[in-house]
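See structure below.
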Amino acid sequence: MIIDHPLLGPRDAAEFVYLGDTALLNRPDWQADDAQRQFHDYLYMRENPAGEMRELWYHERGDRSWLVITRNTLTHEITKVELARDVVRAAQKGRTTV
Amino acid sequence: MSSFKFSLEARSPLDLYQRTIGSVTLEEVSDLAIVSIAAPLDGEAALHKVVDKKLGAQWPSIGTSTLTPHGHRLLGLQADMIFAVFAHPGGRAEVSIQDQLSADCYVTDQSDAFVVLAVAGSGVTDALERVCPLDLSSKAFPVGCTLQTSMEHIGVTISKQSEDCFWLLAATSYAGSLCHAMETAVIQTQ
């Protein structure tokens with residue numbers, strides 16, 4: 001599988017480490033009244049879609065960047081690759097979740 | 001009570017290894033200081049200007065390298081972090097960089113963490129293609145190009161010094177493995 005890195009171009013997937021759902025970027029507020037329930041969901045509850053999914057990948061054998069990759073779990077087709085840094089900054093600007 | 005007199009002698013990871021196989025020479029590059037310079041969050045643009053002004057060379061974009069008038073080679077490894085590689089036989093290389101820059105940035109001496117193996121000679125690209133997954137053709141990988149990748153099981157930074165000379169930077173603990181991988185690749189292609 002080839003991942004088209006936004007800064008480095010096409011790179012072999014062997015250079016990357018897979019982490020999982022981008023939901024991990026939405027860390028709950030630890031001071032919220034229901035923080036315990038939110039952190040439970042944050043840590044353990046995952047969607048498992050058969051189709052398009054947004055995932056976190058780490059370019060360990062490269063520039064050490066975190067990427068948000070939109071991948072079809074049925075076909076492995078990658079339709080979008082973004083720097084996680086840019087995704088988070090855009091979300092912070094719009095005050096939305098990732 | 002007895003007293004002991006002894007002295008410690010610094011040795012390079014490959015003990016100044018050098019070997020020529022056919023037209024390709026493998027040689028450890030020693031006495032190099034490697035210092036990482038990282039920008040604080042949202043401080044990238046300011047640091048780029050300081051590096052340009054104080055070191056006399058542009059902050060290299062990721063995948064490229066630049067050379068300062070004093071012979072510091074700047075390797076663009078990450079969007080917000082570069083390596084400065086320069087001859088510096090003594091210790092505390094990071095202090096010299098910090099003093100020169102005197103700016104808001106994170107400067108760390110990496111010299112003892114890396115081994116630098118130079119592979120040079122005609123046919124060097126053929127040997128490297130055995131172990132390196134990157135496109136090393138002159139068009140895709142021109143002189144100065146510097147990228148991190150995986151060779152066999154080893155994380156390697158490959159930097160093209162001239163048309164037939166590459167530097168390979170790997171963690172010191174992989175020095176022997178990198179040397180073996182490259183020797184094997186050169187033997188297979190000569």
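Proteins come first, then strands; the chains are lettered A, B, ... in the order of their sequence lines, and each starts at number 1.
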For this session: Check whether NZ of the Lys or CZ of the Arg B:Arg73 lies under 6.0 Å from the centre of the six-membered ring of B:Trp167 and within 45 degrees of that ring's axis.
Result: yes
Seminar exercise, completed: Bottom line for B:Leu41: the part with an atom under 4.5 Å from chain A's heavy atoms is side chain
Exercise. Given that the side chain runs from C-beta out, which part of B:Leu134 has a heavy atom under 4.5 Å from chain A: side chain, backbone, both or neither?
Worked result: side chain
Exercise. Should B:Asp99 and B:Arg92 count as an ion pair when the cut-off is N to O under 4.0 Å?
Worked result: no
Exercise. At a heavy-atom separation under 4.5 Å, does A:Leu7 approach chain B through its side chain, its backbone, both, or neither?
Worked result: both
Exercise. Is there a donor-acceptor pair under 3.5 Å between the side chain of A:Thr22 and the backbone N or O of A:Arg54?
Worked result: yes
Problem set entry | Donor-acceptor contact present, side-chain A:Arg64 to main-chain A:Gly62, <3.5 Å | yes
Exercise. So which of B:Asp80, B:Asp135, B:Ile154, B:Leu147 has the biggest tally of heavy-atom pairs under 4.5 Å with chain A?
Worked result: B:Ile154
